[in-house]
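Inspection log for the structure reproduced underneath, given as structure tokens.
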Amino acid sequence: MKDTSISATPGERFTLTVDQNASTREYWYLVAPEPDSSVLVSRGRDGGEGTGTGAAHRLTFTFEAMGRGTTHFTLLHCTFTTCQGNTSTKPPETTGVSAPPTATTGASATPTATPERITYTVTVR
């Protein structure tokens, strides 16, 4: 299991970097629950939109520790099979199982998988 605990001091900045592939509709988003702004603030994201078709690109989320305390935030990982209606900067309307595609043959379609959610715990001391 991936360690999702982060320790920081007030004023410290840190980053989380993930791979995403826009050409295959694979994206990462900062979603609710977002961090308590008195403890941690998001300073945005950078990268993720490369020029090579089919290649993964690095996307970096930057955070800054503001004050002492503990908070949580969640990154959502969407692929074309787990999210519908999203773009590189706009997360899907819902973060549960996407609606199955409409079957044209009358056969029942199988729902897609649930997107991966990683919740991080940040303690600022």
Side-chain angles (χ1 to χ4, degrees):
M1 175 151 186
K2 183 186 236 183
D3 182 16
T4 57
S5 299
I6 299 168
S7 294
T9 57
E12 182 179 351
R13 285 190 178 209
F14 64 89
T15 61
L16 291 173
T17 301
V18 294
D19 287 326
Q20 76 174 18
N21 189 337
S23 69
T24 61
R25 294 188 346 238
E26 176 188 18
Y27 302 109
W28 286 88
Y29 308 97
L30 176 63
V31 297
E34 291 188 19
D36 176 344
S37 61
S38 67
V39 178
L40 184 75
V41 294
S42 170
R43 293 297 184 204
R45 47 191 247 162
D46 185 43
E49 294 294 324
T51 57
T53 302
H57 306 283
R58 307 291 282 172
L59 175 65
T60 300
F61 293 88
T62 301
F63 298 91
E64 184 176 350
M66 301 304 290
R68 297 179 192 274
T70 299
T71 190
H72 308 278
F73 66 89
T74 299
L75 294 183
L76 177 72
H77 181 218
C78 283
T79 66
F80 73 96
T81 62
T82 60
C83 298
Q84 301 294 318
N86 56 309
T87 66
S88 63
T89 57
K90 179 184 148 249
E93 292 295 322
T94 63
T95 56
V97 175
S98 297
T102 304
T104 57
T105 62
S108 172
T110 303
T112 57
T114 302
E116 176 184 15
R117 296 173 68 89
I118 301 174
T119 300
Y120 292 86
T121 301
V122 179
T123 302
V124 178
R125 301 176 195 261

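- In this structure, a donor-acceptor pair under 3.5 Å is absent between the side chains of Thr15 and Thr62.
- No more than 12 heavy atoms of other residues, nucleotides or ligands sit less than 6.0 Å from atom CZ of Arg68.
- Residues Phe14 and Tyr120 fall within the same hydrophobic cluster, defined by Ile, Leu, Val, Met, Phe, Trp and Tyr side chains chained together at heavy-atom separations under 4.5 Å.
- Within the 4.5 Å cutoff, side-chain heavy atoms of Arg117 are placed close to those of Leu76.
- Residues Ala65 and Val124 share a closest heavy-atom pair of CB-CG2, 3.7 Å.
- Distance alone, capped at 3.5 Å, is enough to place a donor-acceptor pair between the Thr87 side chain and the Lys90 backbone.
- What you find for Phe73 and Pro35 is that their closest heavy atoms are CB-CD, 3.5 Å.
- Between Arg45 and Leu59, the closest side-chain pair of non-hydrogen atoms falls below 4.5 Å.
- In this structure the side chain of Glu116 reaches within 4.5 angstrom of the side chain of Trp28, judged on heavy atoms.
- Cys78 and Asn86 make their closest contact through CB-ND2, 3.8 Å (heavy atoms, listed as atom of the first residue, atom of the second, distance).
- A donor atom on one side chain and an acceptor atom on the other are found under 3.5 Å apart for Thr60 and Thr17.
- Looking at Phe63 and Ile6, their side chains never come closer than 4.5 Å, going by heavy atoms from C-beta outward.
- Within the model, atoms CD of Glu26 and CD of Gln20 stand 7.0 Å from one another, a figure rounded to the nearest 0.5 Å.
- Between the side chain of Arg25 and the backbone N or O of Thr79, no donor-acceptor pair lies under 3.5 Å.
- For the pair Pro92/Thr82, no side-chain contact is recorded, criterion being any heavy-atom separation below 4.5 Å from C-beta on.
- Inter-residue side-chain proximity for Arg58 and Asp19 is flagged as met; some heavy-atom pair is nearer than 4.5 Å.
- Shortest non-hydrogen contact noted between Met66 and Ser38 is CB-O, 3.6 Å.
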**Report entry** Derivation and outcome, side-chain hydrogen bond (donor to acceptor under 3.5 Å, both in side chains), residues Thr121 and Ser5
**Finding:** CA-CA 5 Å; Thr121 301; Ser5 299; 5.3 Å; no
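- Linking Ile, Leu, Val, Met, Phe, Trp and Tyr whenever their side-chain heavy atoms come within less than 4.5 Å puts Leu16 and Val122 in one cluster.
- Under the 4.5 Å side-chain criterion, counting only non-hydrogen atoms from C-beta, Leu30 is in contact with Phe61.
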